Amino acid sequence: QEQLVESGGGSVEAGGSLNLSCVASGAIYLRSACMAWFRQAPQQEREGVAAVYTYDGRALYADSAKGRFTISRDVAKTTASLQMTNLKPDDTAMYSCAASDYCLEADMLRDRMYNDWGQGTQVTVSS
């Protein structure tokens, strides 16, 4: 089965931390040049948070994530993780993992580039 499975979401207080994990099926991971985390709050557009090239681990971040979030990939585990620290209420959203077989750096944080998606994991940050 080809799928991306997210885990690690939950509820935390502002200033807290969460680690999200996205495990890709082997077929998806083998064809994916990059993986990314997106988030979407109710009645808001989906936005890219962080992305990583699977082959060399180079990462890109949204301005809102820089200095607080870290994305990484584990080739052996076919996993992309998002370490989130100093969480804010504005970080509350459904976080989804995505993968793409073609990755243009300028589009790494744009959802239209990605062709494989997970179901999402909810992150709620209370004030």
Side-chain angles (χ1 to χ4, degrees):
Q1 183 176 0
E2 296 187 351
Q3 61 183 33
L4 298 167
V5 180
E6 303 101 329
S7 63
S11 298
V12 297
E13 295 184 358
S17 301
L18 283 173
N19 293 324
L20 306 184
S21 178
C22 173
V23 180
S25 63
I28 290 179
Y29 197 86
L30 284 173
R31 68 169 179 256
S32 298
C34 60
M35 297 179 69
W37 284 95
F38 289 80
R39 67 186 183 187
Q40 186 170 26
Q43 297 184 314
Q44 296 187 22
E45 294 184 346
R46 184 160 56 192
E47 62 176 345
V49 178
V52 61
Y53 288 97
T54 57
Y55 55 92
D56 64 4
R58 289 192 300 116
L60 295 88
Y61 299 93
D63 288 341
S64 61
K66 292 179 180 177
R68 299 191 300 127
F69 296 179
T70 301
I71 189 170
S72 61
R73 93 277 191 260
D74 187 321
V75 176
K77 297 180 179 179
T78 65
T79 299
S81 299
L82 185 68
Q83 296 179 320
M84 304 187 294
T85 62
N86 192 25
L87 285 162
K88 305 174 181 180
D90 285 348
D91 294 320
T92 296
M94 179 70 72
Y95 284 70
S96 298
C97 177
S100 179
D101 58 348
Y102 177 78
C103 304
L104 183 66
E105 186 163 336
D107 294 332
M108 288 284 281
L109 298 178
R110 298 178 180 176
D111 56 4
R112 295 180 64 179
M113 191 181 76
Y114 293 84
N115 44 38
D116 293 301
W117 291 85
Q119 293 298 305
T121 184
Q122 179 67 38
V123 171
T124 301
V125 184
S126 61
S127 59

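Just so it is clear, the structure is predicted and the values come from calculations on it, not from any experiment.
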Are [Y] and [X] connected in a single hydrophobic cluster, I mean Ile/Leu/Val/Met/Phe/Trp/Tyr linked by side-chain heavy atoms less than 4.5 Å apart?
X: V75; Y: I28; value: yes
X: V23; Y: I71; value: no
X: Y95; Y: M108; value: no
X: V49; Y: L109; value: no
X: F69; Y: V52; value: yes

Using the test side chain to side chain contact (heavy atoms under 4.5 Å, CB included), find all partners of [X] that sit at least two apart in sequence or belong to another chain.
X: D107; answer: L104, R110, M113
X: V125; answer: V12, A14, L87, P89, D91, T92, V123
X: N115; answer: S100, D101
X: T85; answer: S17, R68

Which atom pair, heavy atoms only, marks the closest approach of [X] to [Y]?
X: S21; Y: T79; value: OG-CG2, 3.4 Å
X: A99; Y: S32; value: CB-OG, 3.3 Å
X: W37; Y: A80; value: NE1-O, 3.6 Å

Can you tell me which residue pairs pass the ring pair (Phe, Tyr, Trp, His ring centres under 6.0 Å) test with a partner in residues 107-127, sequence neighbours excluded?
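Of all non-adjacent pairs touching residues 107-127, those that pass ring pair (Phe, Tyr, Trp, His ring centres under 6.0 Å) are F38-Y114, F38-W117.
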Holding to side chain to side chain donor-acceptor pair (under 3.5 Å), I want the full list of residues that pass it with Q3, two or more places apart in sequence or in another chain.
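Q3 satisfies side chain to side chain donor-acceptor pair (under 3.5 Å) with Q1 once adjacent residues are dropped.
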Partners meeting side chain to side chain donor-acceptor pair (under 3.5 Å) with E47 (sequence neighbours left out)
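For E47 the side chain to side chain donor-acceptor pair (under 3.5 Å) partners, ignoring immediate neighbours, are R39.
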Which salt bridge (charged side-chain N to carboxylate O under 4.0 Å, His left out) pairs, counting each pair once, include a residue from residues 10-34, with sequence neighbours left out?
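Checked against salt bridge (charged side-chain N to carboxylate O under 4.0 Å, His left out) - neighbours excluded - the pairs reaching residues 10-34 are E2-R31, R31-D116.
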What pairs of residues pass the salt bridge (charged side-chain N to carboxylate O under 4.0 Å, His left out) test when at least one of them lies in residues 52-66, not counting sequence neighbours?
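Those involving residues 52-66 are D56-R58, R58-E105, D63-K66.
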For residues 69-78, which residue pairs pass the side-chain hydrogen bond (donor to acceptor under 3.5 Å, both in side chains) check, not counting sequence neighbours?
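side-chain hydrogen bond (donor to acceptor under 3.5 Å, both in side chains) check on residues 69-78 returns no pairs.
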Y55: ring pair (Phe, Tyr, Trp, His ring centres under 6.0 Å) partners, not counting sequence neighbours:
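Residues passing ring pair (Phe, Tyr, Trp, His ring centres under 6.0 Å) with Y55: Y53.
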Share the residues that join V5 in a hydrophobic cluster, the rule being Ile, Leu, Val, Met, Phe, Trp or Tyr side chains under 4.5 Å apart at the heavy-atom level.
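Direct or chained contacts put V5 with none.
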Side chain of Y29, backbone of A76: donor and acceptor closer than 3.5 Å?
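The answer is no, because no donor-acceptor pair under 3.5 Å joins these two groups.
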For the pair T121 (side chain) and E6 (backbone), establish whether a donor and an acceptor sit closer than 3.5 Å, ignoring hydrogens and angles.
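Such a contact is absent between T121 side chain and E6 backbone.
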For the CG atom of L4 and the CD atom of Q119, what is their distance to the nearest 0.5 Å?
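One finds 10.0 Å between CG of L4 and CD of Q119.
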